[in-house]
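The next block holds one structure in the form of structure tokens; read it before the comments.
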Amino acid sequence: MDKDTIKKVSEVARLNLTDEELTDFGKDFDSILDYFSKLHDEKLKDLPSKETASVLRNDETSIDNVIPEKILDNAPEKENNLYKVPKGSK
Amino acid sequence: MKLSEKVQAYLDAINRSKLNAFVSINKNAENDAEKIQRKINSGKAGRLAGYVFSIKDNIAVSGMRLTCASKMLENYVSPYDATVVKRIIAEDGLIIGKTNMDEFACGASGETSYFGPTLNPHDEKRVPGGSSAGSAASVAAGLCDVSLGSDTGGSIRCPSSFCGVFGLKPTYGSVSRYGLVDMAMSLDQIGPITKNVSDAALVLSVINGSDKMDNTVVKRQEDYTKFTRKNIKGMKIGVVEEFFDGCDHNVEKAVRDGIEALKGKGAEIVNASVPKTSIAVPTYYLNMFAEFSSAMQKFDGLKYGFRKNGSDLNDTVAESRSALGEEVKRRILLGTYITMKEFRSKWYSTALKAREAIKHEMLAALKKCDLLTGPTMPFTAFKLGEKIKDPIEMYLSDMLTVSANLSGLPAASIPLNVKGLPVGMQLHANAGEEGKILAAAAAYERATK
């Protein structure tokens with residue numbers, strides 16, 4: 001897998017990779033996908049996929065004893081009980 | 001012995017242990033012990049009173065850290081209990097701590113943890129197996145009574161096999177995953193790791209059954225404790241010859257002896273076949289990669305977890321995700337790649353088809369018998385560092401465990417009576433038939449005692 005493809009994949013996956021990582025993963029992926037391509041030699045019939053029954057529940061909030069403050073305690077940055085994040089565009 | 005004394009003895013043993021099996025210890029363990037002891041004294045204690053649990057660190061215990069053995073969640077504290085934890089506490093089980101694991105369950109050796117590898121209690125130069133490494137090691141080393149692990153492609157059974165303990169992956173959809181950090185939603189199940197079969201039956205009886213927080217769990221709670229006393233006379237056990245392909249000689253011998261012991265207890269041994277075992281590894285990994293890369297999107301450093309600020313929002317997300325380890329990144333990248341529009345039909349769609357084909361074969365084999373058997377792992381515990389540099393070698397370790405997950409079936413690893421490094425024998429059953437596995441495993445236990 002060439003560097004450009006991995007670079008593109010890493011952008012889709014939101015991972016900033018170092019040059020070394022790009023090279024190393026490229027080599028890995030070639031050998032992994034090469035091994036996995038044995039799947040393409042297999043005769044695979046189109047078997048009907050038995051979908052599991054859809055079990056829907058009422059759209060009710062159910063947060064038990066979870067208090068918002070406890071959840072917000074895990075925030076890397078917060079302000080006035082709100083998450084604080086960097087701005088969306090440069 | 002009083003529960004508080006037992007807990008103190010475990011805490012001391014954990015402190016002395018060099019296995020690196022625990023990531024966090026419950027600071028309230030002594031208080032919890034006293035509370036439960038008072039209930040025991042007044043005759044009002046639940047079914048798990050007296051049991052000391054360790055919990056894999058991808059399962060939420062309110063007020064304790066939930067790290068998934070990753071730098072990403074190093075300081076994350078669970079705001080609530082997983083359903084399984086809630087049920088254990090309701091029956092007066094005591095939680096002593098959270099166990100080390102492969103980072104986000106990515107590994108078969110216990111070596112990819114941000115907190116360093118867990119060691120095998122039988123030989124500290126060897127891996128305990130993964131990804132529920134600390135769970136199996138903590139039970140095997142006597143650092144707790146029982147543990148909860150999670151199993152997406154063998155993560156309960158592999159370390160159980162390597163550490164010489166009993167580990168059960170229940171049927172998909174029988175135990176709630178609410179509060180479990182998902183790895184691959186269509187494959188994950190929580191299950192017990194124990195020193196004996198009856199403890200596993202008891203724990204499963206407490207944690208299984210419908211939960212409004214997990215819509216895949218629809219069946220009412222069932223009691224499994226009765227199965228461990230069941231006679232297995234006439235039970236049909238299919239020996240899957242493909243499960244022995246490429247497996248170490250000593251493992252094969254131990255498992256064939258185990259099968260003889262079951263025969264001695266009255267089981268009828270028949271031949272069975274699952275030819276598609278040869279494509280189980282690529283099928284599993286492609287399915288898992290796709291689901292895993294999607295599951296990992298939530299770790300963006302915005303609402304919780306590690307944050308490293310970048311030039312804007314997107315860059316902050318991508319920089320924050322640098323906290324993830326090598327194997328985690330490898331799987332996210334591969335999962336992203338195989339589900340991209342250009343490559344999806346070649347990889348992911350083929351993998352979905354192959355999954356159905358494997359499930360079809362497993363179910364066909366189970367039509368002719370009650371249980372399918374073979375080794376859990378093709379070899380015994382390998383040395384630390386032996387496979388970590390070679391992803392394909394590591395993935396191939398899962399050859400015999402992934403088919404159960406791909407098919408949604410229950411499967412267990414039973415520790416065999418061997419000298420030297422532990423060997424596990426695997427038993428698969430039809431969906432919902434954990435009882436048959438427990439009956440056969442208990443019969444083996446009685447035969448070898």
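The model shown is predicted, which means the values in this text are computed figures rather than measured ones.
Contacts between B:F306 and chain A at a heavy-atom distance below 4.5 Å are absent for every atom of the residue. Heavy-atom distances place no part of A:K78 under 4.5 Å from chain B, backbone and side chain included. There is no contact between A:E69 and chain B, counting heavy-atom distances below 4.5 Å. Of the atoms belonging to B:N75, it is backbone heavy atoms, and not side-chain ones, that fall under 4.5 Å from chain A. Only the side chain of B:T316 has a heavy atom closer than 4.5 Å to any heavy atom of chain A. The contact between B:E326 and chain A is made by backbone and side chain atoms together, counting heavy-atom distances below 4.5 Å. Both the backbone and the side chain of A:S37 come within less than 4.5 Å of a heavy atom in chain B. Only the side chain of B:S62 comes within contact range of chain A, judged by heavy atoms closer than 4.5 Å. For A:K43, the part sitting under 4.5 Å from any heavy atom of chain B is the backbone (N, CA, C, O) and nothing else.
Using a 4.0 Å cut-off between charged nitrogen and carboxylate oxygen, B:R330 and A:D28 count as a salt-bridge pair.
The environment of A:K8 atom NZ is sparse: at most 12 non-hydrogen atoms of other residues, nucleotides or ligands sit within 6.0 angstrom. By the 6.0 Å contact criterion, NZ on B:K298 is enclosed, its count of non-hydrogen atoms from other residues, nucleotides or ligands being greater than 12. Within 6.0 Å of the CD atom in B:E342, the count of heavy atoms belonging to other residues, nucleotides or ligands exceeds 12.
Put simply, the side chain of B:R321 gets close to the backbone of A:A13: a donor and an acceptor are under 3.5 Å apart. Looking at A:K70, its side chain never comes within 3.5 Å of a backbone N or O of B:Y80 through a donor-acceptor pair. Between the side chain of A:N74 and the backbone N or O of B:V77, at least one donor-acceptor pair lies under 3.5 Å.
Ranking B:T283, B:L333, B:D390 against chain A, the residue ahead of the rest is B:L333, based on heavy-atom pairs under 4.5 Å. Counting heavy-atom pairs closer than 4.5 Å to chain B, the top-ranked of the candidates A:I71, A:L39, A:D73 is A:L39. Among B:L352, B:T350, B:D81, B:V281, the residue making the largest number of heavy-atom pairs under 4.5 Å with chain A is B:T350. In terms of heavy-atom pairs under 4.5 Å with chain A, the best-connected choice from B:L73, B:L324, B:I332, B:N314 is B:N314.
Side-chain contact check for B:S322 versus A:N16: every heavy-atom pair is 4.5 Å or farther apart. Put simply, the side chain of A:L15 does not reach to within 4.5 Å of the side chain of B:T336, judged on heavy atoms. Annotation: side chain of A:L33 is in contact with side chain of B:L334 (closest heavy-atom distance under 4.5 Å). The shortest distance between side-chain heavy atoms of A:H40 and B:K346 falls below 4.5 Å. Between A:F29 and B:Y337 there is no side-chain heavy-atom pair separated by less than 4.5 Å. For the pair A:E77/B:N309, a side-chain contact is recorded, criterion being any heavy-atom separation below 4.5 Å from C-beta on. With a 4.5 Å cut-off on side-chain heavy atoms, A:V85 and B:R307 count as touching.
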Steps toward side-chain contact (heavy atoms from CB on, under 4.5 Å) verdict (B:L396, A:Y35): CA-CA 11 Å; B:L396 283 171; A:Y35 175 75; 3.1 Å; yes
Verdict with supporting geometry, A:R14 and B:D300, side-chain contact (heavy atoms from CB on, under 4.5 Å): CA-CA 9 Å; A:R14 298 272 189 276; B:D300 55 13; over 6 Å; no
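Scanning all heavy atoms of the two residues, the minimum distance from A:P76 to B:G301 falls at CG-O, 3.4 Å.
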